[in-house]
Amino acid sequence: MREFDAGQFEIAVIGAGHAGIEAALSAARLGVSTIVFTISLDAVGNMPCNPAIGGTGKGHLVRELDALGGEMARAADECCIQYRLLNKGKGPAVWSLRAQADRRRYQERMKAVLERQPCLTVRQGEVVEIGVEDGRVSSVLLATGARFRVKAVILATGTYLAGRTIVGEWVEDSGPDGMHAAGRLGECLKKLGLPLRRFKTGTPPRVNARTVDFDEMEVQTGDELPVPFSYSTPDPPVNQAVCYLTWTTGETKRIVQENLDRAPMYSGLIEGVGPRYCPSFETKIVRFPDKRRHQLFVEPMGLHTEELYIQGFSSSMPEEVQLQMLHSVPGLRRAAITRPAYAIEYDCIDPLALTPALEVKALPGLYGAGQFNGSSGYEEAAVQGFMAGVNAVRKLKDLPPFVLSRAESYIGTLIDDLVTKGTNEPYRMMTSRSEYRLLLRQDNADFRLTRRGYEIGLVPEERLKAVEEKYDAVQREIKRLTHTGASPSPRLTEFLASKDTADAPGGAPLAALLRRPGIHYSELAPFDPDRPDLSAGIAEQVEISVKYEGYIRRQEKQVEDLRRMERHRLPPDLDYLSIQGLRLEAREKLHAVRPADLGQAARISGVSPADVAALMIFLESMQDRQTEKP
């Protein structure tokens with residue numbers, strides 16, 4: 001193969017899945033010449049696992065990405081066909097939006113956005129080598145011999161890197177959906193000294209809707225009043241499809257148990273580590289032997305296809321066993337498989353090798369995003385791609401890295417968990433991972449992050465002003481409710497009795513009534529003649545802010561404690577191995593992670609509170625010595 005000079009770009013993005021899309025768009029929108037490579041242009045924005053955006057914790061990420069200026073939320077609102085707000089029966093901290101996507105429409109839309117973006121070139125081709133000169137990234141080489149000179153590279157390889165697809169005893173080197181794998185690039189990364197590991201994920205079977213008996217299943221409709229993902233979507237989305245719920249049976253369980261010797265998960269054929277929170281169905285049977293049945297959600301792949309996705313039925317069983325499993329489930333007894341379920345193994349990096357800016361510590365100019373960083377999921381990938389793109393640009397422009405705190409975003413929590421604690425399995429975002437989840441709600445992501453998006457140059461000024469006006473209105477209404485009372489009346493007494501709450505014989509401030517359990521802002525309208533005409537979004541913020549005021553203040557105090565720790569910056573060249581007050585394990589972990597501040601140091605696995613105290617004493621003594629110098 002003869003190489004040739006194919007041109008120069010500032011940034012190259014390898015992969016055009018959900019991470020690569022956001023990385024390429026954020027870099028190009030900041031005015032930097034960018035090229036994005038994909039093994040197949042027909043796989044841009046592909047959804048090889050499930051045709052959905054959002055979910056518990058994941059919906060928060062999509063909303064935050066939108067507030068910062070990312071693309072996924074807008075694409076979802078144009079291409080999703082059913083919306084549901086999950087956990088509505090619980091507190092607002094765990095409400096999460098999830099929507100079924102029209103898979104092909106989403107791909108087409110994202111491909112068109114990339115193609116039309118100024119400063120961005122979209123290129124089909126397999127990257128097989130990353131060139132390095134003087135200790136930093138300098139080029140990328142395609143299998144065809146085309147070498148592109150670049151100053152930074154973002155690896156968003158998804159499950160393609162040394163990908164291996166497994167169905168029972170059948171194994172093939174490939175990426176998702178039969179695309180060919182990226183093997184030579186993986187070898188290059190190993191030669192560059194990157195600490196790679198082997199992870200695994202899986203998909204469920206797809207079936208033809210004509211062979212499904214829907215009358216044996218429970219209909220799952222979308223929300224009556226759907227909420228969009230993007231704050232900039234002007235009109236509520238329209239639900240255009242329904243999903244269905246069914247259950248596995250004792251027969252399904254028996255089939256799996258009798259064929260476990262053929263399950264690659266248990267025969268030793270699969271080497272990679274799979275996600276704990278999204279296991280294969282056979283793993284569920286082994287892990288929960290006393291559970292009689294498991295939920296399965298039957299979801300459309302789009303409006304113009306008969307393919308259905310069986311959520312909850314991920315497997316790598318042989319195809320004939322998969323057929324037996326399907327045919328043991330009500331509604332699926334005649335189901336014809338269009339695509340069998342499969343497991344896929346792939347290489348990824350140990351995220352402890354990355355900085356909080358997602359740059360590889362040992363190789364300047366090389367960034368990671370998405371499943372390459374050890375995470376799982378489209379939403380986790382998208383936000384990392386966005387952050388990697390922004391940070392690659394900022395480094396080229398000699399600007400400080402853009403790093404979000406875990407106290408201000410789920411994005412910050414995700415990245416901090418990866419680069420500080422590492423992960424031994426594909427990392428999935430959940431609301432339980434955030435200690436500040438009452439502050440980091442999906443409904444207020446615009447309040448938390450729109451200004452940050454404006455500061456980095458990806459949110460226009462008019463959008464920032466609109467958000468500021470929205471929350472000014474929220475504060476005005478909270479103040480009015482605090483100083484406006486509901487007069488005593490038989491009607492008020494009757495209303496409070498209907499809510500099983502104490503009477504207010506002398507009347508009460510509207511804010512005090514709103515704080516009572518079971519009373520909603522809209523229900524106070526009859527007792528509030530001066531009530532302003534507010535949008536649904538403002539009214540929601542008013543109600544949440546008033547009802548949870550005490551809890552919110554408590555978490556704000558916790559955030560201030562964290563920020564106090566983060567103000568203790570740690571020198572990047574600090575020699576942890578020589579600090580005598582630290583335990584040996586803490587020295588080694590601190591030396592490997594090289595935390596940016598004391599707060600990050602405290603979150604490293606293996607660093608105890610006593611180690612943090614010793615580190616603080618060392619910092620203070622170091623500062624005293626510097627002060628004493630003439």
Side-chain angles (χ1 to χ4, degrees), residues 18 47 49-67 70 72-73 76-77 80 82-101 201-204 220-223 226-230 237 239 243 245 274-281 283-284 287-288 294-299 309-314 370-371 374-384 406 409-418 423 425-445 448-449 540 544 548 555:
H18 305 281
M47 295 180 171
C49 184
N50 65 317
I53 298 292
T56 304
K58 296 168 175 281
H60 292 67
L61 293 173
V62 180
R63 279 289 186 84
E64 291 181 350
L65 179 60
D66 182 64
M72 177 175 270
D77 288 342
C80 284
Q82 191 205 60
Y83 284 71
R84 297 182 70 192
L85 189 60
L86 307 180
N87 300 322
K88 192 64 177 175
K90 302 178 181 179
V94 295
W95 295 350
S96 295
L97 189 59
R98 184 179 189 271
Q100 288 302 122
T201 190
T203 70
Q220 298 278 294
T221 58
D223 290 340
V227 177
F229 274 109
S230 177
N239 287 323
C243 300
L245 170 66
R276 184 188 324 174
Y277 299 103
C278 189
S280 67
F281 186 74
T283 299
K284 292 179 186 178
R287 192 178 295 171
F288 309 107
H294 297 265
Q295 280 186 329
L296 299 179
F297 292 93
V298 181
E299 303 173 343
Y309 163 89
I310 316 300
Q311 183 188 348
F313 225 28
S314 175
Q371 286 177 282
S375 65
S376 170
Y378 311 145
E379 303 81 5
E380 291 90 339
V383 299
Q384 290 176 70
R406 63 187 300 119
S409 66
Y410 273 87
I411 296 174
T413 303
L414 162 66
I415 294 175
D416 182 64
D417 279 351
L418 287 173
T423 183
E425 61 182 301
Y427 179 102
R428 178 182 179 180
M429 177 48 67
M430 297 175 287
T431 53
S432 60
R433 292 194 187 274
S434 174
E435 59 271 50
Y436 309 111
R437 54 186 172 272
L438 186 54
L439 297 179
L440 309 183
R441 306 184 307 275
Q442 58 92 34
D443 58 84
N444 70 353
R448 294 183 280 113
L449 295 174
E540 179 183 59
I544 292 173
Y548 296 92
Q555 286 215 335

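Quick note: numbers below take in every heavy atom, side chains included, and nothing from hydrogens, waters or symmetry partners. FYI, the numbering just counts along the sequence from 1. Here the structure is a predicted model, which means the values were calculated and not measured.
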Not counting sequence neighbours, which residues clear side-chain contact (heavy atoms from CB on, under 4.5 Å) with N239? List them please.
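Expected list: Q82, Y83, P226.
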With M47 via side-chain contact (heavy atoms from CB on, under 4.5 Å) - residues at least two apart
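M47 satisfies side-chain contact (heavy atoms from CB on, under 4.5 Å) with H18, I53, A101, R103, Y106, Y378 only.
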Just so I know, are the side chains of [X] and [Y] near enough to count as touching, which here means a heavy-atom distance under 4.5 Å?
X    : Y    : value
D443 : I544 : yes
R287 : P279 : yes
H294 : F281 : yes
T203 : S314 : no
D66  : V62  : no
Q442 : S96  : no

By salt bridge (charged side-chain N to carboxylate O under 4.0 Å, His left out) - contacts of R406 (at least two apart):
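Testing R406 for salt bridge (charged side-chain N to carboxylate O under 4.0 Å, His left out), a comparison that skips the adjacent residues, returns D416, D417, E435.
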Got a sec, which residues hit salt bridge (charged side-chain N to carboxylate O under 4.0 Å, His left out) with D77, two or more places apart in sequence or on another chain?
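If we apply the salt bridge (charged side-chain N to carboxylate O under 4.0 Å, His left out) test to D77, skipping adjacent residues, there are no hits.
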side-chain hydrogen bond (donor to acceptor under 3.5 Å, both in side chains) partners of [X], counting only residues at least two apart:
X    : result
S376 : none
S280 : T283
E64  : R448
Q311 : R98

List in chain and number order the residues that pass ring pair (Phe, Tyr, Trp, His ring centres under 6.0 Å) with H60, two or more places apart in sequence or in another chain; answer none if no residue qualifies.
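For H60, the residues satisfying ring pair (Phe, Tyr, Trp, His ring centres under 6.0 Å) (neighbours in sequence not counted) are Y410.
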Qualifying residues under ring pair (Phe, Tyr, Trp, His ring centres under 6.0 Å), relative to Y309, sequence neighbours excluded:
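Residues passing ring pair (Phe, Tyr, Trp, His ring centres under 6.0 Å) with Y309: none at all.
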Which pairs pass salt bridge (charged side-chain N to carboxylate O under 4.0 Å, His left out) with one or both residues in residues 51-62, sequence neighbours excluded?
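Every pair satisfying salt bridge (charged side-chain N to carboxylate O under 4.0 Å, His left out) with a residue in residues 51-62: K58-E379, K58-E380.
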What closest approach, in Å, do [X] and [Y] show between heavy atoms, and which atom pair accounts for it?
X    : Y    : answer
M72  : A382 : CE-CB, 3.6 Å
G370 : S375 : O-OG, 3.1 Å
L61  : V383 : O-CG1, 3.6 Å

Donor-acceptor pairs under 3.5 angstrom involving side-chain atoms of residues 84-91: please list them, not counting sequence neighbours.
{"from": "R84", "atom 1": "NH1", "to": "Q220", "atom 2": "OE1", "distance (Å)": "3.0"}
{"from": "N87", "atom 1": "ND2", "to": "V94", "atom 2": "O", "distance (Å)": "2.9"}

Counting distance only, does the side-chain N/O of R437 pair as donor-acceptor with the main-chain N or O of S434 below 3.5 Å?
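Yes.
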S409 side chain to G412 main-chain N or O, any donor-acceptor pair under 3.5 Å?
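Yes; judged by distance alone, with no hydrogens or angles, the pair exists.
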